[in-house]
Amino acid sequence: MRAVPAFQTSPGMRDILPPESARWRRLNAVFASVAASAGYGQLITPLLEDLGVFARLGEGGEGVSKEMYQFADKGGRDVALRPEVTASVCRAFAEHRPTTPWKVWYTGPNFRYEKPQRGRFRQFDQVGVEVLGVDDAQLDVEVIALADEFFRALGLQRIRLIVNSLGEPDDRARYVNALRDHFESSSAGLSTTSRETLQRNPLRVLDSKRAEDEAAIAAAPQIGEFHSPAAAEHFEAVQGGLRALEIDFEVEPKLVRGLDYYRRTIFEFQSDALDSAQNALGGGGRYDGLVEALGGPPTPGVGFALGLDRTLIACDEEGVFSSESERPDAFVVDVTGGLHATVITGELRAAGLVADRGFDNRSMKAQMKLANRSAAPSAVIVGEDEVAAGTVIVKPMDGGEQITIRRDELVAHLRARPTTT
RNA sequence: GUGGUCAUAGCUCAAUAGGUAGAGCACCAGGUUGUGAUCCUGGCGGUUGGGGGUUCAAGUCCCCUUGGCCACCCCA
């Protein structure tokens with residue numbers, strides 16, 4: 001026991017210990033189930049990619065690319081730990097050319113070199129789906145509905161869906177110009193921070209929460225005014241689909257997602273249970289030009305990614321999807337040295353039961369404490385008398401009467417007992 | 001990257017106006033010799049995140065450093 005550990009996790013990285021890790025596994029299982037129910041297959045991509053795969057995530061080399069873990073490997077290749085998965089999915093599509101529609105889901109860690117705080121880590125896990133090769137607005141609806149269903153499956157109630165459309169690439173370009181003109185006009189008094197943001201990306205000025213920017217943002221032109229007929233129709237169809245599924249949503253013209261590849265539909269899921277600045281659980285949208293930018297054929301794409309950390313924090317706040325220890329079906333207490341426990345746990349495990357046991361030939365009292373702590377419904381007790389008689393004692397840990405049974409009846413006996421709570 | 005704030009046993013915290021650290025929980029062991037969760041008793045456990053300074057004396061004051069948290073930035 002040292003006061004000072006020799007090592008600790010690097011900033012923004014952390015260990016996830018049991019039972020919390022089991023909760024992560026269950027969360028992934030829920031997501032996998034939701035995605036599979038809609039015909040999505042899992043895609044596993046490398047955590048490490050050529051730097052160029054992620055080069056288009058930010059305009060002018062700003063944004064995500066500035067936060068990337070990038071380095072030259074021993075072969076001199078410029079590589080990076082993935083800051084997100086969408087670009088990798090598009091790279092995989094361009095590389096393997098699967099038939100469309102290509103519907104995939106994924107889970108795993110991503111890396112961004114940011115200042116850590118609650119709900120924001122340098123290594124953070126996301127789950128998500130992406131679909132390539134379909135232009136239909138009803139696919140946007142399906143994708144959004146999957147995220148909505150996922151949150152529902154976890155038991156989350158206080159989720160808010162916000163949608164917007166950035167229009168076609170030309171619409172977006174014209175809107176950006178109009179925004180720049182608006183904010184640069186002398187009548188709009190912006191904060192100095194927002195003026196800097198304006199130089200990099202006028203869209204992001206809309207994200208400002210600073211009071212002094214409020215008036216200028218309120219007076220800014222709205223993206224809707226710049227939608228081409230096709231973009232407006234697409235956005236209308238998305239909203240119609242959401243209404244048909246009775247999924248609540250708000251249209252937020254000021255919603256702009258951080259990544260620059262988005263076109264047309266974008267959306268974000270926020271939790272009202274999180275009042276911090278990190279209340280966005282995830283989001284996504286269309287990125288119709290991304291595959292082409294990565295060397296593939298022109299291919300429409302849409303998808304989303306959800307942050308596991310923030311989703312779990314939201315679950316904590318709402319008191320749902322709680323962390324539970326996994327409990328064995330039986331805990332074997334052996335006071336004859338431990339060999340019988342080895343044999344009995346082996347038999348139980350082979351029979352498909354979850355069995356744990358005490359070690360170090362500890363006292364019966366100590367082993368019973370372990371049995372109690374394991375939350376197993378039954379303790380199986382073996383002493384010299386039982387060994388001599390070819391029996392074991394099965395003791396219900398809820399206070400019921402213990403009974404002595406023959407060794408060869410143990411599996412059947414334990415199976416007959418309900419093992420839940 | 002900027003600013004603020006915090007850091008005491010495994011966990012949650014306490015320690016009067018600077019005088020060489022305590023509690024609860026947890027863990028371990030006993031409570032007439034084969035049985036847990038309750039109760040009683042006892043025990044283990046901290047050079048007070050790390051380093052330096054002021055002082056007769058620092059957990060308590062000052063500086064540096066590491067890390068958490070909050071806000072900004074950005075975003076999941």
Side-chain angles (χ1 to χ4, degrees), chain A residues 1-14 17 57-58 62-68 83-86 107-128 147 191-194 196-197 200-201 204-205 207-210 256-260 268-271 274-284 304-314 331 333-336 358 360 362-387 393-402 404:
Chain A
M1 191 170 298
R2 284 158 300 180
V4 184
F7 293 106
Q8 55 186 319
T9 53
S10 192
M13 312 274 177
R14 78 271 196 229
L17 281 51
L57 299 185
E62 290 292 324
V64 169
S65 56
K66 194 178 178 182
E67 304 164 344
M68 259 193 291
E84 54 123 49
V85 184
T86 304
T107 180
N110 304 282
F111 303 84
R112 292 182 199 172
Y113 195 87
E114 297 186 278
K115 185 111 172 176
Q117 53 183 259
R118 185 173 191 241
R120 187 168 75 178
F121 301 92
R122 287 180 176 174
Q123 178 179 333
F124 59 99
D125 273 59
Q126 287 185 329
V127 294
S191 63
T192 49
T193 314
S194 286
E196 288 166 17
T197 306
R200 296 197 311 272
N201 188 343
R204 297 220 64 88
V205 176
D207 254 359
S208 166
K209 298 158 201 137
R210 284 169 288 276
V256 290
R257 300 279 306 156
L259 303 168
D260 290 324
E268 186 166 301
F269 287 91
Q270 298 176 357
S271 169
L274 272 49
D275 56 353
S276 73
Q278 273 75 44
N279 71 336
L281 301 187
F304 67 74
L306 309 175
L308 260 50
D309 301 287
R310 292 186 189 176
T311 299
L312 285 172
I313 292 172
F331 191 98
V333 172
D334 175 3
V335 289
T336 70
D360 291 336
R362 296 230 268 151
S363 70
M364 176 172 286
K365 176 169 180 163
Q367 291 192 56
M368 285 302 296
K369 285 186 74 167
L370 294 176
N372 185 58
R373 205 183 303 158
S374 78
S378 300
V380 175
I381 303 171
V382 186
E384 299 295 353
D385 295 349
E386 286 69 35
V387 169
I393 294 170
V394 177
K395 172 167 179 153
M397 296 303 283
D398 60 6
E401 281 295 303
Q402 67 184 39
T404 301

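Scope of the values below: all heavy atoms of this structure, side chains included, with no hydrogens, waters or symmetry mates. The sequence lines fix the lettering, A, B, ..., with proteins before strands; numbering per chain opens at 1.
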Are any of [X]'s side-chain N or O atoms less than 4.0 Å away from OP1 or OP2 of [N]?
X      : N      : value
A/R120 : B/rC69 : no
A/R373 : B/rC28 : yes
A/R204 : B/rC75 : yes
A/R257 : B/rA76 : yes

Taking any heavy-atom pair under 4.0 Å as a contact, classify [X]: base, sugar-phosphate, or nothing.
X      : result
A/R122 : nothing
A/L308 : nothing
A/A305 : nothing
A/G12  : sugar-phosphate
A/I381 : base
A/Q402 : base
A/G383 : base
A/G119 : base

If you measure from [atom1] on [X] to [atom2] on [Y], what distance do you get to the nearest 0.5 Å?
X      : Y      : atom1 : atom2 : value
A/K395 : A/E401 : NZ    : CD    : 9.0 Å
A/E268 : A/N279 : CD    : CG    : 7.5 Å
A/Q8   : A/M13  : CD    : CE    : 13.0 Å

C1' atoms of B/rG4 and B/rG51, separation to the nearest Å |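 24 Å, rounded to whole Å.
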Pairwise C1' distance, B/rA15 and B/rG46 [rounded to whole Å] =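 Between the two C1' atoms, the distance is 14 Å.
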By nearest nucleotide on RNA chain B, pick out whichever of A/P116 and A/F124 is the more 5' one.
->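 Mapping each residue to its closest nucleotide by heavy atoms, the 5'-most match is A/P116.
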Taking only the side-chain heavy atoms of [X] (C-beta and beyond), determine which of [options] contains the nearest atom.
X      : options                : value
A/E386 : B/rA76, B/rG30, B/rG34 : B/rG34
A/A366 : B/rA29, B/rG36, B/rC72 : B/rA29
A/K369 : B/rC28, B/rU35, B/rG1  : B/rC28

Do A/R310 side-chain atoms and A/A280 backbone N/O form a donor-acceptor pair below 3.5 Å?
-> yes
Look only at the side chain of A/N110 and the backbone of A/R112, and say whether a donor-acceptor pair between them is shorter than 3.5 Å.
-> no
Pairing nucleotide - [N], Watson-Crick or G-U, each distance under 3.5 Å:
N      : result
B/rU33 : none
B/rG67 : B/rC6
B/rG1  : B/rC72

Does a distance-only test, which skips hydrogens and angles, find a donor-acceptor pair under 3.5 Å between the side chain of A/E268 and the base of B/rA76?
->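 Per atom types, no contact qualifies.
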Is any N or O donor-acceptor pair between the side chain of A/K395 and the base of B/rU35 shorter than 3.5 Å?
-> yes
Compute both the distance and the angle, then confirm whether A/R122 meets the cation-pi test with A/F111: under 6.0 Å from the six-membered ring centre, within 45 degrees of the axis.
->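 A/R122 over A/F111 ring: no.
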